[in-house]
Amino acid sequence: MARRFLVTSGLPYSNGRLHVGHLAGAYLPADIFVRYLRSKGEDVLFVCGSDDNGVASLMSARKEGVPVQDLVTRYNAFQKEDFSRVGVEFDVYGGTHHPDFVEMHERISQGFFRSIHEKGFFEKKTSKQLYDVEAKQFLPDRYVEGTCPNCGNPDAHGDQCDRCGSTYDQIELIDPKSTVTGTTPELRETTHWYLRLGEFETPLREWLEAKREPHGDQPAWRDTVLNFALGQIKQGLPERAMTRDLHWGVPVPLDDPDAEGKVLYVWFDAPIGYVSFTAQHCADHGGDWKEYERWWKDSETRIVHFIGEDNTVFHALTWPAMMQAEGSYQLPAQVVANSFLNVKLGDTEEKFSKSRGNAVWLGEFLNEFDPDPLRYYLTAIAPESARTAFDLADLVQRNNSELLGALGNYVNRTLTFLQRFYEGVVPEVGERDERDLAQLARVAETQASMEKNLDAYRFKAALGDLMALARETNAYFNDKEPWKVRKTDPAAGGTILNVCAQTVKGLAVLMAPFLPYSAEVTREMLALPEGSLRWQDATVELPSGHVLGEPRLLFRQYELSEEQPTD
RNA sequence: GCCGGCGUAGCUCAGUUGGUAAGAGCGUAGGAUUCAUAACCCUAAGGUCGGUGGUUCAAUUCCACCCGCCGGCACCA
């Protein structure tokens, strides 16, 4: 019986386009995992969308001089296109303020908030904050500058000084200025609802401690996630305001004058986006939005969140606490967090940074390169346990020597050989010797190993298994010397090529989650029907006499040119 | 400062519960071969597993300290 998985990727903020670092962290691994599950016939829903609310999109809109709704809708569309071009196929790509999703998102977010409110987990508190009269908004720390109360540095930020390193409350800042309008903000009182996270310390700790061990078909969580989350609990979880003074977002759904003009904290409504996008998807495919409960409240579903390391605290602590407070949701079965991807330029390694202009934008990259080499490279260097660096020279190198040299070359030499000397037909199986049988067994062994690694979210290792098979198969081809054998004993040569053809089919199935485009081309060259690359069919043999399609090259050589798409 | 992570062959990295595992890929150098996108195959190189102590019959793998790099400790997403 098929298992059920609800897979999510962290919502990208809809105020910018995507770079390869985004892809490597939360999206590509999730897509590979989903493709793997699908090919096994599991019941999967893959959910993502843009995070449209909050201050950041508001600020970007102000900077670009466009209405915020236009901005987020535009970037949502860009992201959707970029993902599609690199083969990341979500079942639903929503947006927390996208016209097609905003109504559902508000309904579910507000219901979620009200439910927690009724259970008494919020605390209403009043505090003083800086308010920009001209911009008509309260100012988060990053939008205030002034003189450091500690060292007198005139260029200190709202909450900390870069010169002396001290931190302080924004209201201590001397001569504060709004970075939005440049005006001097005034101190105003404001009321917010705080989630008492402290009440969930014990249940969260027990829940997380249990994740150090495997559960059912789920492996233990990565240490990086557990250490970080448990460390936070050890330090004590503070109350956190779940509302903000903004006009852009989900209105606070309380019949209280103090809730006037306030919205939910963006990090409160963002994870609920996973739920509301699911609900909208159910409404659009079948008609009943309430079907989302099958995915979110039925313990038969495994909820798997793929995120970047910066989201760990929210997915391993805040979001589970919210779910526990709300009461009717089941907690995530797995939170897969990846580290950041740096970028290597020459000999220096640095973070992707818009201001430094070193980001490798996905859209631009795909204008120069095919999606599979990028998917291959980002998986091969996946920052699963530590940060790694994207290096274009390394990508080109690996594309040429590994992807093309080992995998592409093997597929090509086999299929062109069959085309030239065996009329493009899978030859008869003669007598298979030990080496032939060992070669065929290697396909099954590789599949088993990949399965073990994929089930444990070890994508880099699974890809390594695949490539090892490709290399070994090249050795098989060389050792068997079919180009000699076919002349002296055509039937024996046919037996060798039969084994080679079976291996090509196995590789097509096994590469599909990682290299979907190349797998499709291989499927066509093998003249197999669409949708036939099922995981369990990797070792089901092509029958003798099966007529193959026209061979084509899977990969092309890249050269490191002067004009690299890293600018 | 406190907490966490990392530091293994030229490069990128694997190393499960401590004991013939010190490994893979790439790069480099030889050799072989021609079916294949000058691709593929074979062989070699020998890195004090960041440093110093300690536990142990035995440590890259456990502990302590030190050095170096990175991250977290924000009403920032």
Side-chain angles (χ1 to χ4, degrees), chain A residues 10-13 15 51 53-57 59 125 127 129-130 138-143 157-160 165 167-170 190 192 194 223-224 226-232 234-235 238-245 265-267 270 308-314 339-340 342 344 349 351 377 380-382 384-389 391 393-394 397-398 400-402 404-406 408-421 456 458 460-461 464 467-468 470-486 493 496-497 500 551-557:
Chain A
L11 307 188
Y13 219 70
N15 68 341
D51 182 1
N53 295 325
V55 186
S57 51
M59 291 301 161
K125 288 204 301 190
S127 65
Q129 274 193 46
L130 295 173
F138 283 91
L139 298 169
D141 291 326
R142 57 193 289 194
Y143 297 114
H157 299 298
D159 60 338
Q160 75 167 62
T167 58
Y168 36 79
D169 196 281
Q170 66 167 209
T190 181
H192 287 292
Y194 292 71
D223 284 335
T224 46
L226 293 175
N227 289 343
F228 181 76
L230 286 164
Q232 293 289 313
K234 206 169 170 184
Q235 289 175 31
E239 296 179 333
R240 284 188 78 110
M242 290 295 148
T243 54
R244 288 291 187 280
D245 290 288
Y265 174 40
V266 64
W267 260 110
E309 63 176 327
D310 54 332
N311 282 349
T312 304
V313 67
F314 294 99
S339 292
F340 283 136
N342 288 336
K344 198 167 178 187
E349 184 175 325
K351 293 183 191 179
Y377 180 64
I381 65 158
E384 290 175 0
S385 57
R387 297 193 171 186
T388 54
D391 178 359
D394 193 29
Q397 171 82 274
R398 283 167 174 272
N400 295 348
S401 68
E402 299 177 19
L404 186 155
N409 176 57
Y410 169 70
V411 171
N412 183 242
R413 71 197 297 198
T414 295
L415 296 179
T416 52
F417 198 99
L418 284 167
Q419 190 71 16
R420 278 178 62 186
F421 303 116
R458 292 190 296 252
K460 195 193 288 192
M467 296 311 291
R471 282 191 299 273
E472 287 168 18
T473 311
N474 269 317
Y476 169 83
F477 201 112
N478 277 58
D479 293 349
K480 281 288 187 177
E481 303 181 313
W483 58 91
K484 283 184 185 166
V485 176
R486 72 163 184 92
I496 297 166
L497 264 295
C500 288
R552 288 183 270 156
L553 295 179
L554 282 183
F555 308 105
R556 52 189 172 120
Q557 297 264 10

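Just so it is clear, the structure is predicted and the values come from calculations on it, not from any experiment.
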For [X], answer base if it contacts any base atom (sugar-phosphate contacts may also be present), sugar-phosphate if it contacts only those atoms, and nothing otherwise; contact means non-hydrogen atoms under 4.0 Å.
| X | answer |
| --- | --- |
| G405(A) | sugar-phosphate |
| L554(A) | base |
| T414(A) | nothing |

Interatomic distance at [atom1], [N] relative to [M], whole Å:
| N | M | atom1 | answer |
| --- | --- | --- | --- |
| G46(B) | A38(B) | P | 32 Å |
| G54(B) | A59(B) | P | 11 Å |
| G5(B) | C42(B) | P | 39 Å |
| A22(B) | U48(B) | P | 16 Å |
| C76(B) | U17(B) | C1' | 41 Å |
| G30(B) | C70(B) | P | 40 Å |
| C13(B) | G31(B) | C1' | 28 Å |
| A14(B) | A24(B) | P | 16 Å |

Any side-chain heavy atom of [X] within less than 4.5 Å of one from [Y]?
| X | Y | answer |
| --- | --- | --- |
| E481(A) | I496(A) | no |
| L404(A) | Q557(A) | yes |
| C500(A) | Y476(A) | yes |
| Y377(A) | D391(A) | yes |
| N311(A) | W267(A) | yes |

For [N], the Watson-Crick or wobble partner whose two distances fall under 3.5 Å:
| N | answer |
| --- | --- |
| U55(B) | none |
| C2(B) | G72(B) |
| U61(B) | none |
| A36(B) | none |
| G23(B) | C13(B) |
| A44(B) | U28(B) |

Of all the nucleotides listed ([options]), which has the minimum atom distance to the side chain of [X]?
| X | options | value |
| --- | --- | --- |
| V266(A) | C35(B), A77(B), U37(B) | A77(B) |
| F421(A) | C35(B), C75(B), G5(B) | C35(B) |
| R420(A) | C35(B), U12(B), G72(B) | C35(B) |
| W483(A) | A77(B), C75(B), C35(B) | C35(B) |
| Q557(A) | A36(B), U37(B), C73(B) | U37(B) |
| Q397(A) | C26(B), A36(B), G72(B) | C26(B) |
| E402(A) | C35(B), C26(B), G72(B) | C26(B) |
| K484(A) | A39(B), U34(B), A77(B) | U34(B) |
| K460(A) | A14(B), G4(B), C35(B) | A14(B) |
| S401(A) | G25(B), G27(B), U37(B) | G27(B) |

If you compare every side-chain N and O of Y13(A) against the phosphate oxygens of C76(B) (OP1, OP2), does one of them come in below 4.0 Å? no
Taking only the side-chain nitrogens and oxygens of N227(A), find out if one of them lies under 4.0 Å from OP1 or OP2 of G5(B). yes
Looking at C41(B), does its base get a donor-acceptor pair with the side chain of N474(A) below 3.5 Å? no
Assess whether one donor atom and one acceptor atom, taken from the side chain of Q129(A) and the base of C75(B), lie less than 3.5 Å apart. yes
Heavy-atom closest contact ([X] atom, [Y] atom, distance):
| X | Y | answer |
| --- | --- | --- |
| N478(A) | W483(A) | O-CH2, 3.7 Å |
| K460(A) | E384(A) | N-OE2, 3.0 Å |
| Q129(A) | T190(A) | NE2-CG2, 4.2 Å |

Tell me which of H192(A) and F477(A) sits closer to the 5' end of RNA chain B, going by the nucleotide each one is nearest to. F477(A)
Closest-nucleotide ordering on RNA chain B, the 5'-leading residue of R240(A) and E472(A): E472(A)
d(CZ, R413(A); P, U37(B)) in whole Å: 11 Å
